[in-house]
Amino acid sequence: MSRSLTNRLTALPSLRQLNTAIPKCPSQASRLFSRSTAQWDDSKTDRPKRVQARPKTEDLLESVFNSPSLSRSQAAQPNTMSDLSQSMVFNMLNNKPNIDTSALSGQNVQPAQRREDTQEPYHFHVYSHKHNTHITCTKPNREPIISMSCGNIGFRKSRRGTFDSAYSLTKYVLERLIHTGWPMKIQRLELVLRGFGQGREAAVKVLMSPEGKILRDKIVRVADSTRIKFAGTRSKKPRRL
């Protein structure tokens with residue numbers, strides 16, 4: 001026999017004596033260690049389970065509806081439509097005009113009248129640069145009524161780009177318009193400015209003076225149509241002396 005087998009045989013009597021000396025544990029104490037705590041709590045039938053007491057229905061209804069012993073069916077009985085009709089919101093909605101649905105029903109619909117703001121006004125164009133000033137008055141359909149520059153009233157060469165020439169030109173154009181009776185036909189006028197020459201300020205001065213009062217009261221819009229160059233063509237070669 002091998003040495004390991006003889007050691008086992010000699011150890012058997014000591015194990016049997018140890019087994020008889022250890023008392024047996026009860027069934028609850030000898031549970032498996034793999035069992036969870038939840039299973040252990042379920043196995044304990046001796047301890048009564050603690051259950052939280054549910055609130056009474058009357059107390060819940062009293063806290064919600066502020067009235068004791070009121071059921072849900074009784075709480076829904078009050079006429080909420082009568083309360084809504086008396087409220088301010090309902091009155092505001094009721095006072096609103098009704099929506100016109102005549103177009104959907106196929107009835108004859110009258111065309112909406114054209115508003116005065118959408119109508120095209122007459123135009124008073126002032127184009128001024130460093131060499132000259134041009135003034136053009138046009139109809140709403142862009143047909144010209146009068147178009148003149150400083151050269152048409154006797155200014156020559158460099159004098160055409162001065163402040164005085166533009167002032168005189170604006171006064172002359174207003175006199176021609178008044179002489180032909182156009183201010184009586186013009187109801188709305190738009191002032192269109194272009195360029196930043198001296199004639200720009202001169203034309204505005206004339207319109208702000210008593211001489212331009214007959215057209216100043218009819219101006220409804222002031223626009224600026226100055227051209228803005230984005231890159232553009234190649235500039236001219238600089239002059240060298």
Side-chain angles (χ1 to χ4, degrees), residues 92-93 95-105 107-233:
M92 292 174 62
L93 294 174
N95 293 334
K96 283 187 176 181
N98 296 329
I99 300 174
D100 186 13
T101 57
S102 58
L104 300 176
S105 58
Q107 299 178 3
N108 294 330
V109 182
Q110 297 180 357
Q113 296 181 357
R114 189 177 183 182
R115 294 183 179 181
E116 186 178 359
D117 296 340
T118 59
Q119 294 179 357
E120 189 71 19
Y122 286 77
H123 299 86
F124 193 84
H125 297 268
V126 179
Y127 173 37
S128 61
H129 50 89
K130 64 179 181 179
H131 298 301
N132 204 344
T133 302
H134 304 265
I135 294 179
T136 305
C137 187
T138 60
K139 298 179 182 179
N141 59 356
R142 307 293 177 168
E143 292 181 1
I145 298 173
I146 185 173
S147 179
M148 299 189 69
S149 66
C150 293
N152 298 124
I153 58 175
F155 291 93
R156 292 289 179 267
K157 297 184 178 181
S158 61
R159 295 186 59 194
R160 292 179 295 181
T162 59
F163 183 91
D164 296 336
S165 62
Y167 195 94
S168 302
L169 174 64
T170 308
K171 287 177 59 177
Y172 182 79
V173 171
L174 291 178
E175 291 175 359
R176 290 285 302 270
L177 289 175
I178 295 171
H179 181 71
T180 52
W182 279 104
M184 301 299 295
K185 303 177 184 179
I186 298 173
Q187 301 297 329
R188 303 171 72 248
L189 182 66
E190 178 181 359
L191 177 62
V192 183
L193 303 175
R194 178 182 170 187
F196 297 99
Q198 298 183 20
R200 181 189 184 101
E201 186 178 356
V204 174
K205 290 282 187 181
V206 174
L207 292 175
M208 296 298 293
S209 65
E211 300 169 350
K213 182 179 180 181
I214 192 170
L215 289 181
R216 183 175 68 245
D217 297 338
K218 300 180 180 182
I219 295 176
V220 296
R221 189 186 307 150
V222 178
D224 192 340
S225 65
T226 305
R227 303 293 188 264
I228 300 176
K229 182 172 65 173
F230 293 92
T233 57

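All values reported here derive from a predicted model rather than from experimental measurement.
- The shortest distance between side-chain heavy atoms of Val192 and Glu190 falls below 4.5 Å.
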> Would Glu120 and Arg142 satisfy salt bridge (charged side-chain N to carboxylate O under 4.0 Å, His left out), going step by step from the backbone distance to the final call?
Replying inline: CA-CA 10 Å; Glu120 189 71 19; Arg142 307 293 177 168; 3.2 Å; yes
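- Two residues are said to be in side-chain contact when any heavy atoms from C-beta on lie closer than 4.5 Å; Arg188 and Gln119 meet this criterion.
- When all heavy atoms of Ala166 and Thr133 are compared, the pair lying nearest together is CB-OG1, 3.7 Å.
- No side-chain heavy atom of Thr138 sits less than 4.5 Å from a side-chain heavy atom of Ile145.
- Counting heavy atoms from C-beta outward, Leu215 and Ile219 have side chains that stay 4.5 Å or more apart.
- Here His125 pairs with His123 under the ring-ring contact (aromatic ring centres under 6.0 Å, His included) rule; sequence neighbours left out.
- Sequence neighbours left out, the pairs with a member in residues 145-164 that pass side chain to side chain donor-acceptor pair (under 3.5 Å) are Thr136-Ser147, Ser149-Asn152, Thr162-Ser165.
- Counting heavy atoms from C-beta outward, Pro121 and Leu189 have side chains that stay 4.5 Å or more apart.
- Taking Ile153 as the reference, Met148, Phe155, Ser168, Leu169, Tyr172 meet the side chain to side chain contact (heavy atoms under 4.5 Å, CB included) condition, with sequence neighbours excluded.
- Looking at heavy atoms from C-beta onward, Trp182 lies in side-chain contact with Lys139 at the 4.5 angstrom threshold.
- When the ring-ring contact (aromatic ring centres under 6.0 Å, His included) test is applied to His129, the partners found at least two apart in sequence or on another chain are Tyr127, His134.
- Considering CG of Leu174 and CD1 of Ile214, their distance stands at 9.0 Å, rounded to 0.5 Å.
- Judged as a ring-ring contact (aromatic ring centres under 6.0 Å, His included), not a single pair has a partner in residues 210-232 (not counting sequence neighbours).
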Counting only pairs under 3.5 Å, give me each side-chain donor-acceptor contact of residues 194-213, with atom names and distances, residues two or more places apart or in other chains.
from, atom 1, to, atom 2, distance (Å)
Gln198, OE1, Phe163, N, 3.0
Arg200, NH1, Gly195, O, 2.7
Arg200, NH2, Asp224, OD2, 2.9
Ser209, OG, Val206, O, 2.5

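- With hydrogens and angles ignored, the 3.5 Å screen pairs a side-chain donor or acceptor of Arg227 with a backbone N or O of Ser225.
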>> Determine whether Thr226 and Leu193 satisfy the following criterion, side-chain contact (heavy atoms from CB on, under 4.5 Å), listing intermediate values before the conclusion.
In response: CA-CA 7 Å; Thr226 305; Leu193 303 175; over 6 Å; no
